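Given the structure is predicted, the values throughout are model-derived calculations rather than measurements. Position 1 is the first residue of the sequence, and the numbers go up from there.
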Amino acid sequence: MYYANVSQQFPHTSRVIEVTGNGKVMATPNYVQIQIEVQTRGKNVQEAQQENAIIMNRVIQSLLALHIPRENIQTAFYTISPIYDYEDGKQIFKDYEVTNAITVKVTDTSQIGEIIDTAVENGANRISSIQFNIDNVDAYYQQALSLALQNAQMKAKTIAETMHLPLQPQPIEIVEELEKAPVLYRSMAMVDSKISTPIEQGQIAINATVRVKFQY
């Protein structure tokens with residue numbers, strides 16, 4: 001591998017220190033989205049659909065009775081799929097599976113366990129996800145971004161002092177590393193309706209990362 005003598009070829013090239021700054025802010029979720037599913041099976045697709053519709057309507061009515069606004073209940077997906085068994089290498093039709101999934105936005109997080117129990121008691125047979133979210137996530141992200149910049153500046157200062165470098169206080173380049181929106185996610189299987197379902201919301205970590213170049 002060949003290394004050029006940079007100092008001789010480019011005597012006026014600026015020398016830089018590049019560091020990565022990280023910032024994190026913890027926040028308490030203020031709403032949760034629960035995905036509730038009803039799955040039915042039958043030899044006849046119309047019968048499976050009808051049974052599914054009856055159960056899902058019952059589930060929705062039970063949620064409305066808990067004072068969940070109707071606009072907070074939305075269909076996530078609806079599928080009809082043939083189910084097959086395999087015997088001696090042959091595909092044999094078994095029945096049809098119909099799945100209707102709804103998402104429920106819950107602003108009172110203390111209701112989560114009651115909502116899950118109520119849905120299951122009224123025929124829901126799968127709780128496929130629970131996602132805790134924050135409405136004003138951007139405000140928390142700005143705090144995390146400020147901490148990331150401070151962290152980058154502190155790292156550069158430490159390097160400069162250790163290496164005895166004349167670091168310039170003003171950065172010459174700042175690059176924000178974009179991350180996915182923070183979501184605290186939980187997945188659940190079938191719930192026993194005889195036991196009150198405990199759900200702990202915890203906290204969400206909002207992270208920010210920057211790459212900063214300082215000249216010396």
Side-chain angles (χ1 to χ4, degrees), residues 28-138 178-206:
T28 301
N30 62 348
Y31 76 94
V32 63
Q33 284 188 309
I34 308 172
Q35 186 160 297
I36 299 171
E37 299 179 18
V38 172
Q39 293 179 338
T40 53
R41 287 189 176 187
K43 298 293 183 183
N44 183 286
V45 66
Q46 287 81 14
E47 290 178 0
Q49 281 184 290
Q50 185 176 17
E51 181 187 3
N52 193 290
I54 291 171
I55 296 173
M56 181 54 84
N57 282 328
R58 190 166 65 235
V59 169
I60 291 173
Q61 291 303 315
S62 70
L63 297 177
L64 293 173
L66 293 178
H67 306 292
I68 302 297
R70 185 175 289 274
E71 60 269 22
N72 286 4
I73 303 174
Q74 185 177 23
T75 298
F77 63 85
Y78 185 91
T79 60
I80 301 174
S81 306
I83 305 299
Y84 297 95
D85 279 338
Y86 291 88
E87 296 180 8
D88 300 325
K90 294 182 180 180
Q91 182 175 278
I92 300 174
F93 173 77
K94 186 177 181 181
D95 49 26
Y96 288 99
E97 182 179 80
V98 178
T99 303
N100 191 355
I102 59 172
T103 56
V104 182
K105 181 179 179 180
V106 183
T107 54
D108 182 359
T109 54
S110 66
Q111 277 190 295
I112 300 172
E114 182 184 12
I115 287 169
I116 291 173
D117 293 342
T118 300
V120 172
E121 288 168 4
N122 284 275
N125 48 16
R126 183 172 173 80
I127 309 298
S128 54
S129 74
I130 299 177
Q131 293 183 333
F132 292 90
N133 296 278
I134 305 172
D135 278 323
N136 57 338
V137 66
D138 188 62
L178 297 179
E179 299 185 4
K180 293 182 179 179
V183 175
L184 180 57
Y185 173 89
R186 295 215 173 124
S187 179
M188 299 183 62
M190 179 64 183
V191 183
D192 184 350
S193 61
K194 295 180 181 179
I195 303 173
S196 179
T197 305
I199 302 294
E200 298 297 330
Q201 66 179 16
Q203 286 193 310
I204 295 176
I206 295 93

Side chains of Q49 and I80: closer than 4.5 Å at any heavy-atom pair? yes
Solution key, residues 93-103 side-chain donor-acceptor pairs under 3.5 Å, sequence neighbours excluded:
from: E97; atom 1: OE2; to: R41; atom 2: NE; distance (Å): 3.3
from: E97; atom 1: OE2; to: R41; atom 2: NH2; distance (Å): 3.3
from: T103; atom 1: OG1; to: Q74; atom 2: O; distance (Å): 3.4

Contact between I204 and P29 at the side-chain level, heavy atoms closer than 4.5 Å - yes or no? yes
Say you draw a straight line from CD of Q111 to CG of D117; how long is it, rounded to the nearest 0.5 Å? 12.0 Å
Measuring from atom CD of E51 to atom CE of M56, what distance do you get when rounded to the nearest 0.5 angstrom? 12.5 Å
Can you sort out the partners of E87 under side-chain contact (heavy atoms from CB on, under 4.5 Å), two or more places apart, ordered by chain and number? I92
Point-to-point distance, once rounded to the nearest 0.5 Å, from CG of D108 to CD of E114: 9.0 Å
If you measure from CD1 on I134 to CZ on F132, what distance do you get to the nearest 0.5 Å? 11.5 Å
Can you give me every donor-acceptor pair (side chain of residues 58-72, partner residue at least two apart or in another chain, under 3.5 Å) with its distance?
from: R58; atom 1: NE; to: N122; atom 2: O; distance (Å): 3.1
from: R58; atom 1: NH2; to: N122; atom 2: O; distance (Å): 3.3
from: S62; atom 1: OG; to: V59; atom 2: O; distance (Å): 2.6
from: N72; atom 1: ND2; to: K105; atom 2: O; distance (Å): 3.4

Looking at residues at least two apart in the chain, or sitting in another chain, which of them share a side-chain hydrogen bond (donor to acceptor under 3.5 Å, both in side chains) with Q35? E37, S128
D135: side-chain hydrogen bond (donor to acceptor under 3.5 Å, both in side chains) partners, not counting sequence neighbours: N30
Can you measure from CG (N52) to CD (E47) and round to the nearest 0.5 angstrom? 13.5 Å
Minimum-distance pair of heavy atoms, taken over all atoms of T40 and A48: OG1-O, 2.9 Å
Flag if over 12 foreign heavy atoms under 6.0 Å of NZ, K43: yes
Between T109 and I112, does a side chain to side chain contact (heavy atoms under 4.5 Å, CB included) hold up when you go through it step by step? CA-CA 6 Å; T109 54; I112 300 172; 4.0 Å; yes
Let me confirm one number: the CD-CG distance from Q46 to N44, rounded to the nearest 0.5 Å. 4.5 Å
Could you go through the side chain to side chain contact (heavy atoms under 4.5 Å, CB included) check for V32 and Q131 one step at a time? CA-CA 5 Å; V32 63; Q131 293 183 333; 5.6 Å; no
For V38 and A124, which heavy atoms make the closest approach, and how far apart are they? CG2-CA, 4.0 Å
side-chain hydrogen bond (donor to acceptor under 3.5 Å, both in side chains) against N57, all qualifying residues, sequence neighbours excluded: none
